[in-house]
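All of these numbers come straight from a predicted model, not from anything done at the bench. Note: hydrogens, waters and symmetry copies are ignored here, and every other heavy atom, side chains too, is used.
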Amino acid sequence: MPERPALEGLEAKWSAAWEQEGTYRFDRAAPRERVYSIDTPPPTVSGSLHVGHVFSYTHTDAVARYRRMRGQEVFYPMGWDDNGLPTERRVQNHFGVRCDPSVPYDPSFQPPAEPSEKEPLSISRPNFVELCLRLTESDEQAFEDLWRTLGLSVDWSMTYTTIGKLAQRISQRSFLGLLARGAAYQLEAPTLWDVDFQTAVAQAELEDRERPGAMHRVRFAGADTEADALIETTRPELIAACVAVLAHPEDERHRALVGRHVRTPLFGTRVPVMTHAAVERDKGTGLVMVCTFGDVTDVLWWRELGLPVRSVLGPDGRLLEVPWGSEGWESDDVESARRNYSELAGRTINQARKRSAELLAESGELIGEPQPVNRAVKFFEKGDRPVEIVTSRQWFIRTIEHQERLIERGRELDWHPAYMRARFEDWVNGLNGDWCISRQRFFGVPFPVWYPIDEQGKVLYEQPIPASAERLPIDPSTEVPDGYDASQRGQPGGFAGDPDVMDTWATSSLTPQIAGQAGEDGGELFARVFPMDVRPQAHDIIRTWLFTTVLRSELDESALPWQNAAISGWVLDPDRKKMSKSKGNVVTPMHLLEQHGADAVRYWAASGRPGTDTAFDAQQMKVGRRLAVKLLNASKFALSDLPPAGDALTHPLDRALIARLAKVVAEATASFEEYDYARALQRTEEFFWWYCDYYLELVKGRRYDPDPEIAASVSRALRLSLSVFQRLFAPFLPFVCEEVWSWWQEGSVHRASWPEAEELDAEAGSSEGAEREALALEATADVLREVRKAKSQAKRPMRAPVTRLVVRDLPARLDALELGEDDLLQAGSIESLERAEADELAVEVELPPEEG
RNA sequence: GGGCGCGUAGCUCAGUGGGAGAGCGCUCGCUUCACACGCGAGAGGUCGCAGGUUCGAAACCCGCCGCGCCCACCA
């Protein structure tokens with residue numbers, strides 16, 4: 001035991017020891033019923049971890065440590081989510097390169113020493129992927145260092161990455177299974193599209209952003225009717241793509257138009273006026289134009305009304321050239337349609353919108369001035385321009401047909417906190433299409449299929465050639481399907497590889513299978529850890545990660561992937577805004593750990609209740625640090641020169657203490673069982689401070705008593721209570737607890753058994769006097785407080801003697817006070833004690849006259 | 001517009017049918033043999049507003065106000 005115990009250096013000392021001892025190593029031979037498995041969120045490796053990570057991973061670690069101490073074999077792997085767009089973007093910026101799949105591989109390629117953001121270097125896809133791997137590797141090392149310093153009790157031998165061979169194999173294997181069962185399909189259809197990244201995106205990856213726009217009132221002249229149609233639109237650039245005008249079926253105002261036709265302004269295309277119940281009568285004029293495609297509602301109307309396609313928007317976000325006058329592009333004035341459209345073709349959406357408004361004004365078809373409006377626009381969450389809808393060939397996983405089943409699964413899952421389930425149900429109920437999983441990107445898991453090319457050179461997408469299971473993982477852009485040779489790539493009669501990669505969630509949705517190594521080594525590990533016990537994650541990705549994992553598990557395993565979902569909140573900055581890099585308010589976690597110590601930072605994190613957003617608060621870390629220091633000092637005091645313990649607790653106050661401690665243990669245990677680590681910490685901490693302030697002070701006299709008979713009971717109580725506190729705090733303050741445990745115990749506190757309330761109750765005894773003894777502890781502490789108050793108000797030191805103390809109180813409390821009288825007199829330096837009955841506690845404290 | 005959550009001391013929050021609490025901050029005091037990264041004490045709140053249930057409401061029910069998040073809303 002050190003002379004002056006300190007927190008400095010404990011992280012390095014004990015994280016090295018834990019690694020060496022294999023303290024957190026998962027025992028692969030453990031039977032399923034003893035295993036507690038955690039589907040750890042793999043953090044995105046695209047920069048740095050932030051305080052929010054430290055926050056939520058600490059919650060999981062506290063639970064993991066509790067379970068381990070309960071005797072369960074904890075499966076707690078770490079994963080790194082390194083595939084996907086964030087890594088691509090980071091590599092582009094970090095090295096100043098851009099992936100160009102048409103560039104050949106350069107084995108001796110080295111990235112430029114001085115990356116240029118303005119003129120990125122075009123490199124091949126294999127070279128690009130190499131750079132992605134190189135960058136993620138160093139990021140992952142930094143992440144691991146941080147987690148070790150924070151004290152996460154992860155088994156580092158089980159680490160996986162989402163771009164690694166194992167994850168790719170499992171992801172591709174799952175995909176091929178879905179394909180074989182018809183649960184995955186390919187379709188050329190209107191798809192959500194990001195024009196900057198030029199890739200399909202999924203509904204789950206969208207977010208709303210407020211953007212200014214302009215409402216244009218536009219006249220569509222009647223074609224087979226005298227009446228004109230007035231339409232309000234914020235997207236006049238899509239008029240050429242208009243395929244119909246709609247009214248609500250019960251809207252009397254437009255009855256004359258319905259069933260007739262109108263001509264689009266500028267282009268003179270004849271389009272029908274039809275009805276649909278989803279049209280909102282009170283918006284604009286009550287008439288709406290359907291374009292292919294302006295938004296998802298357009299897709300709905302287009303599909304349900306069987307409308308034709310007139311696409312004007314290219315994948316790069318510019319307007320396409322279109323053949324006016326040919327089939328589908330009819331006009332009553334082809335020349336002017338061509339002339340007008342030539343002003344738009346090749347322009348970006350914004351340019352075309354502005355020019356369209358000018359053309360409409362010139363032609364007299366714009367009524368009044370465009371009115372500025374603010375409206376919410378859908379963006380790809382990582383994109384800079386609004387998503388568009390572009391028709392393209394994509395892979396989908398069937399989702400809509402499973403909606404009801406997924407709702408049921410959500411109800412089987414135990415949510416912590418319970419109200420988070422509503423977010424899941426809302427999301428599932430709001431789904432409006434199957435999950436698009438293909439992305440036109442480079443750094444991801446490829447689709448393990450090729451397509452035959454017929455003799456005319458046409459790619460037969462509807463006849464995919466799946467890779468054989470034993471070849472997985474494969475990259476169809478470099479590998480060749482069985483029965484072909486490399487020279488046939490792209491040739492008539494040959495084959496073509498699928499060019500796309502999977503959405504990052506298509507792989508992340510399989511983390512239970514990846515971590516558990518499903519289908520590997522005969523599925524031995526998987527059978528021991530799946531279904532997992534808990535999925536810890538934040539509430540913002542319920543619609544993505546949690547939802548897709550439930551879906552994939554349903555499709556592949558017909559099971560819930562886990563029994564519990566422990567949902568954590570966010571870290572907010574002191575202004576209650578979500579902490580984010582862009583706001584410049586992110587605090588570097590490593591700096592925090594160095595400044596306050598890991599236990600202190602963990603204390604702050606563990607104080608945040610499940611699911612609740614928590615403000616970043618350095619003050620709370622200081623409080624945590626004080627608690628850790630207190631545990632050091634209290635342990636030192638209790639254990640230094642401690643006389644031998646007796647066989648039993650013979651003093652009433654000692655028994656009463658242990659009885660109270662049993663209640664705290666019971667409450668902490670119950671809280672942990674409900675994943676309410678914050679409550680477990682709070683109750684433990686609250687009682688610990690009371691223990692230091694009252695119990696340790698009360699028993700000082702007996703603890704130092706030269707008579708070993710007297711010291712034996714308190715010695716026993718101190719050992720027992722200290723051991724319990726050290727174990728109760730171990731999930732939260734793993735470093736300081738391990739330190740104080742090592743002073744007097746064998747082995748790691750983190751492999752010690754969680755204290756049991758029943759054992760403590762047995763130790764305290766359930767004698768008839770227990771109630772009186774409990775009252776004695778309470779009354780003694782209350783009187784001690786009153787004595788301290790009197791000394792404090794008299795501005796006298798605490799050791800100042802009390803020449804005479806009169807205690808007035810209820811008879812039962814006065815009676816109980818006798819049991820702790822010896823300790824009270826000593827702790828309060830009380831020379832004489834008198835009692836008097838009263839309705840409530842009051843004391844008279846006589847102090848000797850002040851000297852000087 | 002729909003759903004969920006929140007509103008308690010200056011701050012961060014606990015408290016879910018019967019005493020309005022903790023920590024921090026603030027003020028005052030104390031080198032007390034574990035700890036000055038300490039110890040003791042004090043001041044500070046009509047528990048968002050209004051109604052109802054109840055012997056009794058911070059808590060339960062209804063309404064309203066405010067804040068946050070999720071979803072829908074691109075005509």
Between the protein and nucleotides 37-41 of chain B, list the N/O to N/O atom pairs that are separated by less than 3.5 angstrom.
| from | atom 1 | to | atom 2 | distance (Å) |
| --- | --- | --- | --- | --- |
| B:G38 | OP1 | A:R626 | NE | 3.3 |
| B:G38 | O3' | A:K630 | NZ | 3.3 |
| B:C39 | OP1 | A:K630 | NZ | 2.5 |
| B:G40 | OP1 | A:D693 | OD1 | 3.3 |
| B:G40 | O2' | A:R788 | O | 3.4 |
| B:G40 | N2 | A:S792 | OG | 2.9 |
| B:G40 | N3 | A:S792 | OG | 3.2 |
| B:A41 | O4' | A:S792 | OG | 3.4 |

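The separation between A:H539 atom NE2 and B:C69 atom C1' is 7 Å, rounded to whole Å. Regarding A:R423, its CZ atom lies at a distance of 13 Å from the P atom of B:A72, rounded to whole Å. Rounded to a whole Å, the CG atom of A:N429 is 17 Å from the P atom of B:G2. Remark: C1' of B:C35 and CD of A:E739 are 16 Å apart, rounded to the nearest angstrom. Remark: P of B:G42 and NZ of A:K791 are 16 Å apart, rounded to the nearest angstrom.
Between A:V279 and A:W301 the shortest side-chain heavy-atom distance falls below 4.5 Å. In this structure, A:V245 and A:V288 have side chains that are not in contact, with every pair of non-hydrogen atoms separated by 4.5 Å or more. No side-chain heavy atom of A:R683 sits under 4.5 Å from any side-chain heavy atom of A:E685.
In this structure a side-chain-to-backbone donor-acceptor pair under 3.5 Å is present from A:T614 to A:T612.
When heavy atoms are screened at a 4.0 angstrom cut-off, A:V279 is found touching base atoms of the nucleic acid. Counting non-hydrogen atoms under 4.0 angstrom, A:M420 reaches nothing in the nucleic acid. When heavy atoms are screened at a 4.0 angstrom cut-off, A:K378 is found touching base atoms of the nucleic acid. Among the protein residues, A:K283 comes within range of the nucleic acid bases, having at least one heavy atom under 4.0 Å from a base atom. Contacts of A:E280 with the nucleic acid, taken as non-hydrogen atoms under 4.0 Å apart, include base atoms. Contact annotation for A:L287: backbone-only contact, meaning every heavy-atom pair under 4.0 Å involves sugar-phosphate atoms and none involves a base.
Rounded to the nearest Å, the gap between the P atom of B:C11 and that of B:C65 is 24 Å. When the P atom is compared between B:C61 and B:G1, the two are found 24 Å apart, to the nearest whole Å. Taking the C1' atoms as reference points, B:A9 lies 23 Å from B:G18, given to the whole Å. Annotation: B:A36 and B:C49 have their P atoms spaced 45 Å apart (nearest Å). Of the P atoms belonging to B:G45 and B:A20, the separation is 14 Å, rounded to the nearest Å. Nucleotides B:A59 and B:G17 have their C1' atoms positioned 7 Å apart, rounded to a whole Å.
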Exercise for review: Go through the steps for A:R421 and A:E425 under the test salt bridge (charged side-chain N to carboxylate O under 4.0 Å, His left out), then give the verdict.
Suggested key: CA-CA 6 Å; A:R421 197 193 73 203; A:E425 290 197 8; 3.1 Å; yes
Exercise for review: Report the C-alpha distance between A:K378 and A:D208 in whole Å, list the side-chain angles of each, state the deciding distance to 0.1 Å, and finish with yes or no for salt bridge (charged side-chain N to carboxylate O under 4.0 Å, His left out).
Suggested key: CA-CA 5 Å; A:K378 294 265 182 246; A:D208 287 349; 2.8 Å; yes
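Between A:Y704 and B:A34 there is a side-chain polar atom (N or O) within less than 4.0 angstrom of OP1 or OP2. In this structure, A:R211 does not reach the B:C73 phosphate: none of its side-chain N or O atoms is under 4.0 Å from OP1 or OP2.
Pair check for B:G40 finds B:C28; Watson-Crick or G-U wobble, both atom distances under 3.5 Å. Applying the Watson-Crick and G-U wobble criteria (two distances, each under 3.5 Å), B:U46 pairs with nothing in any strand. Across all strands shown, B:C67 is found opposite B:G5 as a Watson-Crick or G-U wobble partner, with both distances under 3.5 Å. Nucleotide B:G18 is matched to B:C55 when pairs are restricted to Watson-Crick or G-U wobble geometry with both distances under 3.5 angstrom.
Side-chain atoms of A:Q619 lie closest to B:C24 of the nucleotides B:A34, B:C74, B:C24. Ranking B:A34, B:C70, B:G23 by closeness to the A:V623 side chain, first place goes to B:G23. Out of B:U12, B:G29, B:C74, the shortest distance to the side chain of A:A615 is found at B:U12.
Side-chain contact annotation: A:H416 with A:D676, donor-acceptor N/O pair under 3.5 Å absent. Checking A:Q726 against A:S635 by side-chain atom types alone, a donor-acceptor pair falls below 3.5 Å.
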Study note, to complete from the structure: 5' to 3', nucleotides 15-20 of chain B under a 4.0 Å protein heavy-atom cut-off (B base, S sugar-phosphate only, - none) gives S-----
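Taking the centre and axis of the six-membered ring of A:Y694, the NZ or CZ atom of A:R788 falls inside the cone set by 45° and 6.0 Å.
Listed by chain and number, the residues in a salt bridge (charged side-chain N to carboxylate O under 4.0 Å, His left out) with A:R543 amount to none (sequence neighbours excluded).
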